[in-house]
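Note that these values count all heavy atoms, side chains included, but never hydrogens, waters or copies made by symmetry.
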Amino acid sequence: MKILKYLLIFIPISIIGEFMHLPPTVMFLLAALSIIPLAGLMGEATEEIAFYTGPKIGGFLNATFGNATELIISFFALKAGLFDVVKASIAGSVIGNILLVLGASMLLGGLKHKNQKFNKKVIEVSSSMLLFAVIGLCVPAIFTHTINPSLLNTKYEGLSIIVAIIMFIIYILSLLFSFYTHKDIYSSEPENDGEAKWSLKKSIFVLAIATILIAIESEFLVSGVDSLTATLGLSEFFVGIIIIPIIGNAAEHSTAVVMAMKNKMDVAVEIAVGSSLQIILFVAPVLIFLSLLFTPMSIVFNPFELVALIASVLIVNRVASDGESNWLEGVQLLSVYFIIAAGFFIL
């Protein structure tokens, strides 16, 4: 986290660069380097707030604001009409959390602790919910291949909204499940290490400022996407599915790995799988609703994105089903991630 704070210098540099009209590709890189530490500050602020709200609400805030960076970036991409980037970033966040983050956590945690255990009941609930969510994303894509193309514009928007509403309702019900009706499943580790370093007012202030700055930097970032893809010869799919999720979730990713190395595999797994769930069930529907303010966005993913999503979820279901992990399982998850990344790089 200390290393990330040195990157804060890029915030004033990027703002000055905007006034100097630096090339969009340069602005993209400056904005990316600015967003990474801001996302870390946002995560630190929510952790501090958790000391005052309690571990349960604190954990929920952590997960929510952990994905806020990506939601803000996607909003500006949505506003700019970069629908392929938005949908790719949704898929990329899920794939990155399940394969990259969980894989790195299992690898580094396993090298230090050999075999690590986590709450099997929690991961069973989360992974089955994740499988449902991905199926929900598949239905609209299948729908496009079974209907007359001339009717897609009139019928498809309605289907996207219906799917988004159902997913959002499931998200609310999952909160009810974990906070009330089955909260005993999630109460195995009600730990709160140490004491708050910041006051509640300071924590809320830092959270608000970080959110505002991320919104500003996200606009710089999105404005440089077209230039970046043209200059470096990258596809929008690669930018959305690999680069943007890593930028938006870098701080959260590092937290999961650190937790795994401290032998707190429950926390690492929850960050990876829980964050993926929230992306599909909360962030994706919200983006669909927001798109109605501009140009309605479909929720159709291309075949490669769907195959990558389904394969990732099936793999994590298989790897996590026994409630134990080791370094070899981490290597397997990372290998699949790099194969998928290579595919999108060539696409």
Side-chain angles (χ1 to χ4, degrees), residues 4 6-40 42 67-96 100 210-251 253 279 283-284 287 290-291 293-302 304-305 308 337-338 340-347:
L4 290 179
Y6 289 115
L7 296 178
L8 290 171
I9 188 64
F10 287 102
I11 297 171
I13 292 174
S14 65
I15 293 172
I16 293 169
E18 178 68 11
F19 283 109
M20 292 177 65
H21 303 292
L22 293 180
T25 303
V26 175
M27 288 304 302
F28 181 96
L29 295 174
L30 290 175
L33 291 170
S34 302
I35 288 171
I36 290 171
L38 285 170
M42 186 178 278
N67 289 320
T69 303
E70 186 134 15
L71 181 59
I72 294 169
I73 294 172
S74 296
F75 171 76
F76 283 103
L78 196 70
K79 191 178 175 184
L82 300 173
F83 296 145
D84 285 341
V85 173
V86 174
K87 286 184 281 188
S89 71
I90 292 170
S93 291
V94 176
I95 294 166
L100 178 63
T211 303
I212 293 167
L213 288 174
I214 284 175
I216 294 170
E217 296 293 343
S218 295
E219 195 158 14
F220 298 162
L221 185 86
V222 168
S223 65
V225 168
D226 286 335
S227 176
L228 183 79
T229 54
T231 304
L232 301 182
L234 301 174
S235 68
E236 286 188 349
F237 289 112
F238 183 79
V239 172
I241 212 158
I242 303 297
I243 297 177
I244 288 179
I246 288 176
I247 293 169
N249 296 319
H253 292 179
I279 286 286
V283 174
L287 289 171
L290 288 174
S291 74
L293 300 174
F294 312 109
T295 303
M297 181 181 73
S298 73
I299 203 171
V300 172
F301 290 85
N302 70 40
F304 192 22
E305 288 171 325
Y337 178 79
F338 290 125
I340 291 172
F344 277 103
F345 181 75
I346 294 170
L347 192 65

* Asked: Just by distance, do the side chain of S291 and the backbone of M297 share a donor-acceptor pair under 3.5 Å?
  ->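 Answer holds: yes.
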Straight-line distance of [X] [atom1] to [Y] [atom2], nearest 0.5 Å:
X	Y	atom1	atom2	result
I90	I244	CD1	CD1	11.0 Å
I13	M20	CD1	CE	11.0 Å
I72	E219	CD1	CD	12.0 Å
F237	D84	CZ	CG	4.0 Å

Heavy-atom side-chain proximity of [X] to [Y] below 4.5 angstrom:
X	Y	value
L71	F75	no
I35	F10	no
L293	L290	yes
T69	L38	no
I247	L221	yes
I216	I11	no

* Residue of the set L8, I9, L213 for which side chain to side chain contact (heavy atoms under 4.5 Å, CB included) holds with P37 -> L8
* Taking only residues two or more places apart in sequence, or in another chain, which ones meet A342 in a side-chain contact (heavy atoms from CB on, under 4.5 Å)? -> none
* Asked: In chain order, what residues pass the side-chain contact (heavy atoms from CB on, under 4.5 Å) check against F345, with sequence neighbours excluded?
  ->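 With neighbours one apart ignored, the set is L234, F238.
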* F83 and L287: CA distance, side-chain angles, deciding distance, side-chain contact (heavy atoms from CB on, under 4.5 Å) verdict -> CA-CA 10 Å; F83 296 145; L287 289 171; over 6 Å; no
* Asked: Is the distance between the ring centroids of F76 and F220 less than 6.0 Å?
  -> no
